[in-house]
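The figures that follow rest on heavy atoms only: side chains count, while hydrogens, waters and symmetry mates do not. Sequence lines set the chain letters: A, B, ... in the order given, protein chains first and strands last, and positions in each chain run from 1.
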Amino acid sequence: MQNEQEFDPIKSIEKKYDTLEQKPSYLDVLNPEQYQAVVHEGKSLLILAGAGSGKTRVITTKIAYLIGQKNVNPRSILAVTFTKKAADEMRERAVALEPLAADAQIRTFHSFGAYFLRVNAEAAGVDPNFTVYDDDDSVTLLSKAVVGLTKGQSSKYAHKISLAKDYCLLPDDPETADLDSDPEFPGIYRAYEKRLRETGNCDFGDLIMLPYLALKNNPNLRARTQRRFQVIMVDEYQDSNTAQFKLLQALSGAEEGSGTYVCVVGDDDQSIYKFRGAEIKNILTFKDKFPGTDIIRLERNYRSTEEILRVADSVVSNNGGRLGKNLRSERGKGKKPVLAFLQNQEQEAEFTGDLIEETHKMGVPYSDWAVLYRMNAQSLEFESEFLHRKIPYEIVGSLKFYEREEIKDLLSYLSLIANPRDEIAFRRIVNKPARGIGLTSQEKIIDAAREAFAAGEETSITEKMREIIPDFSKKAREGGETFLQAFDAVQGLLKTADSSGSDTAKLSELVEAISEKSGLLEYHKDQDEISGTQRAANMQELANSAVLYPCTREGLLEFLDHIELDRTLEKTDSTDETDRVTLITLHNTKGLEFPRVVITGMELGVFPRQDKTGGDLEEERRLFYVGITRAQNELYFTSCSQRRMYGRNEYSTPSPFLLEMGQDNVKIIGHKPSSFMGGGFHGGDFGGMGLSNPDLNADPLMKKYSRGAKIYHDDYGYGIITSGHVSDEGEYVVTIRFENGGIKRFLPKYQEGALMVVKD
DNA sequence: CCCGTCGTTATTTTT
DNA sequence: TAACGACGGG
């Protein structure tokens, strides 16, 4: 005993040095700002992370540090991102630094919402077995909820409803009426909500809005939740919407002095999703909403060369209302970006192909290259050029696996098993393959089921169908029996909750059984023969992806969540070639980087789009900024003097953004258009307001009578300019569609007296 | 219920 | 231009 006591102080000292020794090396690799951000505590924190400044490293290190060094319970950490990919990467990297991080909630906003709703289903007033309707399903549901809408109207209103939810607006909120000029809109929204609740399902917007409302209306739940989450981090905060902001506020209890530590990370210069409801003001005013916020700027860029960042900065400094940042490259000077003026899109594709081929001969892999464009339609020219030249490429984002017909069919069976009130899923599969159960029969079944649900009956759509089917015609009756038999059979494969762990049935078996017994596999195989598609293979692919899930109700819900909340992945291509050029829209490049980047279609009307002014133009500019800052080593811009759009060959003006890059910051090749001669360059001195393109001002007629302008003609009445182009004779020609239906072309030059622009 | 034809309409889209 | 939806006939 005596001895032991003598050893004690030594032990204690030893321990201290042991601990110092164990100071995790992950802190050593941080730069001073990153380190500050990681060890920051107490107040709220806004990390302004410039492109390529290592923000993921900061977030993941912070999670590891909190758990490993500050003894924060991993379960009390919530980190949200916007994409599944980002969430997966974040979790993986955090766990690599600190294995206990596996217990932290690292999720997308929507997957967190789904999780929250399932756990708190009762408080939130939702069915715990809900599945998630995607945008297509919402459109279908709306068309059933409001009779007499055309398909176009349904998708328009469904889109508006989704926007309303992004802004956290309910049908009765006065602002809701402002979202659409149609005074019926709030009523349409209300009808949609009613029908959606009847199905027991949620749409994407619900996954954010309903958790927020549940917290708002339920103090106990709020207190419990705030106790649970001590640390909340949000990535890509510049693209959060109003509902997400409100949810963050409610979760953190910032207004109630909960003591939750909130850390948001983002870059106001990269906010590009306003059209989806993103509110850049969330990041601009964060410090006001979370008083006492500290701001840390990460301005060291490890991705791009100086020359590239110079162009990026020169462009984005044309925007007003920025938080401000000064990105510095840690990569050295590098090569000056190249701006190529070309004649048309064929030449644009050829030029790009040349670049890729020439460098490939020198040993540059294809995968170094990314070709960026504003619209998906622009990929076509590159595809044919690359196909022709045998340059391997991959188009990112166009293949939407989970939106394929055959996949949605299978998923509908799964959804209906999960939630027997899922009207949309039922309608999708009951008559596929054709069984003689047309729209009328479907209506009868759904109406009966809805009535039963309203009366509080514990039943399902298929049970109701079984009840009323004897009244149907022979054909419909027999077809219905076939469907019910198949459905019962596959539903029976789902193991009930009491079966124990010894049971190894996999969900993939259920998917395969559905394919077979529903007749869908056969049906789609036939379609394959006809259209040469890959549907049968895709169906198998879906089954394969279900192999990791148990064939239980829990496994099923988990699988469906996984799929609904991660629709981007799964671009399994049959070729195993990995060295490929990437073709991608500018929006889709967020978070990515490439050694060599070509930004194409730098023309007014394409990028930026012509109808963009003011704040919208600033967002286009940020999109341009995002594109530029993807490049590590080499950057190219292409601009065509002529472009075929909507079947018409139009002359085009260079993008005003090109003027903003600064003449000396790029190497210009090709035939410089007139607007680029003689000191036409002013980069960065417009304060970012409106269009400052000298070329537009050069021809006042083109500006006055631009596409989209509403006009009044003395002889023909009101109309809208559908297009404007410069003819071969060099004269500006506009095409006008008049309200009476007529389409006429004019030379505005000669119509000054008769043709006037009207405000709308 | 399937197929052809005509007319309309063209962003971006994390979930 | 091209792709997709609406509509009508077999």
Side-chain angles (χ1 to χ4, degrees), chain A residues 80-88 107-114 132-138 150-155 159 162-163 165-166 202-209 235-241 243-244 270-278 345 372-381 396-398 400 402-403 431-439 475 479 530 561-569 584-592 601 605-612 616 619-620 622-624 626-627 643-650 707-708 722-723 737 741 743:
Chain A
V80 288
T81 64
F82 281 81
T83 65
K84 183 72 170 9
K85 196 171 153 203
D88 288 346
R107 291 174 173 269
T108 65
F109 250 118
H110 288 84
S111 121
F112 172 74
V132 182
Y133 277 153
D134 67 14
D135 294 344
D136 278 349
D137 299 330
S138 294
T150 65
K151 186 148 195 180
Q153 286 169 320
S154 293
S155 36
H159 176 247
S162 133
L163 207 57
K165 292 187 177 187
D166 287 343
C202 293
D203 59 21
F204 282 128
D206 286 341
L207 297 181
I208 309 297
M209 191 170 76
D235 191 17
E236 303 281 13
Y237 188 66
Q238 76 282 350
D239 282 322
S240 59
N241 61 34
Q244 286 160 338
Q270 294 188 61
S271 174
I272 55 172
Y273 281 105
K274 185 178 173 203
F275 67 96
R276 296 273 293 181
Q345 39 203 327
L372 277 47
Y373 37 80
R374 179 65 232 267
M375 297 176 288
N376 286 119
Q378 287 170 260
S379 74
L380 230 75
E381 202 65 49
V396 173
S398 71
K400 298 216 172 90
Y402 297 118
E403 276 162 31
N431 198 32
K432 195 173 196 174
R435 300 183 177 99
I437 308 180
L439 214 55
K475 192 169 146 210
I530 298 163
D561 271 0
H562 169 82
I563 282 171
E564 282 305 332
L565 303 176
D566 176 22
R567 321 176 51 73
T568 46
L569 244 69
I584 190 169
T585 63
L586 284 143
H587 279 89
N588 267 326
T589 61
K590 197 166 83 165
L592 303 178
V606 177
F607 191 32
R609 289 187 58 80
Q610 205 140 32
D611 48 355
K612 303 281 178 174
D616 286 346
E619 177 141 316
E620 292 278 298
R622 289 193 290 269
L623 185 59
F624 188 38
V626 167
R643 180 171 294 270
R644 207 176 45 249
M645 270 181 108
Y646 310 141
R648 198 166 250 334
N649 224 3
E650 309 256 12
R707 187 163 161 246
T722 53
S723 76
R737 195 178 64 234
I743 292 176

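- Taking atom P in both B:dT12 and C:dG5, one finds a spacing of 16 Å when rounded to whole Å.
- Across the protein-nucleic acid pair, A:Asp239 atom CG and B:dT14 atom C1' stand 8 Å apart, rounded to whole Å.
- Atom CD of A:Glu381 is separated from atom P of C:dA2 by 11 Å (rounded to the nearest Å).
- Ring planes of A:Phe607 and A:Phe624: perpendicular class, angle over 60° (limits at 30 and 60°).
- For A:Arg435, the salt bridge (Lys or Arg N to Asp or Glu O under 4.0 Å) criterion is met by no residue, not counting sequence neighbours.
- Place A:Ile437 and A:Met375 on DNA chain B by their nearest nucleotides, and A:Ile437 ends up nearer the 5' end.
- We find that A:Asp166 and A:Arg276 are not joined by a salt bridge, their nearest charged nitrogen and carboxylate oxygen being 4.0 Å or further apart.
- Following rounding to the nearest Å, A:Asn241 (CG) and B:dT14 (P) show an atom-to-atom distance of 15 Å.
- A:Asn431 comes within 4.0 angstrom of sugar-phosphate atoms only, judged by non-hydrogen atoms across all strands, and of no base.
- Taking atom CD1 of residue A:Ile272 and atom C1' of nucleotide B:dT11, one finds them 13 Å apart after rounding to whole Å.
- Nucleotide C:dT1 holds its P atom 17 Å from the CZ atom of A:Arg643, rounded to whole Å.
- One donor-acceptor pair, N or O on each side, does fall under 3.5 Å between the base of B:dT11 and the side chain of A:Arg374.
- Side-chain atoms of A:Arg276 stay outside donor-acceptor range of the base of B:dT14, with no qualifying N/O pair under 3.5 Å.
- Between B:dT11 and A:Asn376, no contact under 4.0 Å exists linking OP1 or OP2 to a side-chain N or O.
- A donor-acceptor contact shorter than 3.5 Å links the side chain of A:Tyr373 to the backbone of A:Ile584.
- The residue among A:Gly205 and A:Tyr646 whose nearest nucleotide of DNA chain B lies closer to the 5′ end is A:Tyr646.
- As a whole-Å value, the separation of A:Lys151 NZ from B:dT9 P is 16 Å.
- Across the protein-nucleic acid pair, A:Tyr402 atom OH and B:dT13 atom P stand 19 Å apart, rounded to whole Å.
- If you check every strand for non-hydrogen atoms under 4.0 Å, A:Tyr273 touches a base.
- Side-chain N or O atoms of A:Thr589 include none that pairs as donor or acceptor with a backbone N or O of A:Leu592 at under 3.5 Å.
- Under the stacking criterion of a centre-to-centre distance below 5.5 angstrom and an interplanar angle below 30°, A:Phe109 is not stacked against the six-membered ring of B:dT15.
- Of the candidate nucleotides B:dT14, B:dC2, B:dT13, B:dT13 has the atom nearest to the side chain of A:His587.
- In this structure, A:Thr150 does not reach the C:dG5 phosphate: none of its side-chain N or O atoms is under 4.0 Å from OP1 or OP2.
- Rounded to an integer number of Å, the gap from A:Asp136 CG to B:dT15 P is 15 Å.
- The nucleotide whose nearest atom lies closest to any side-chain atom of A:Lys590 is, among B:dT14, B:dT12, B:dT11, B:dT14.
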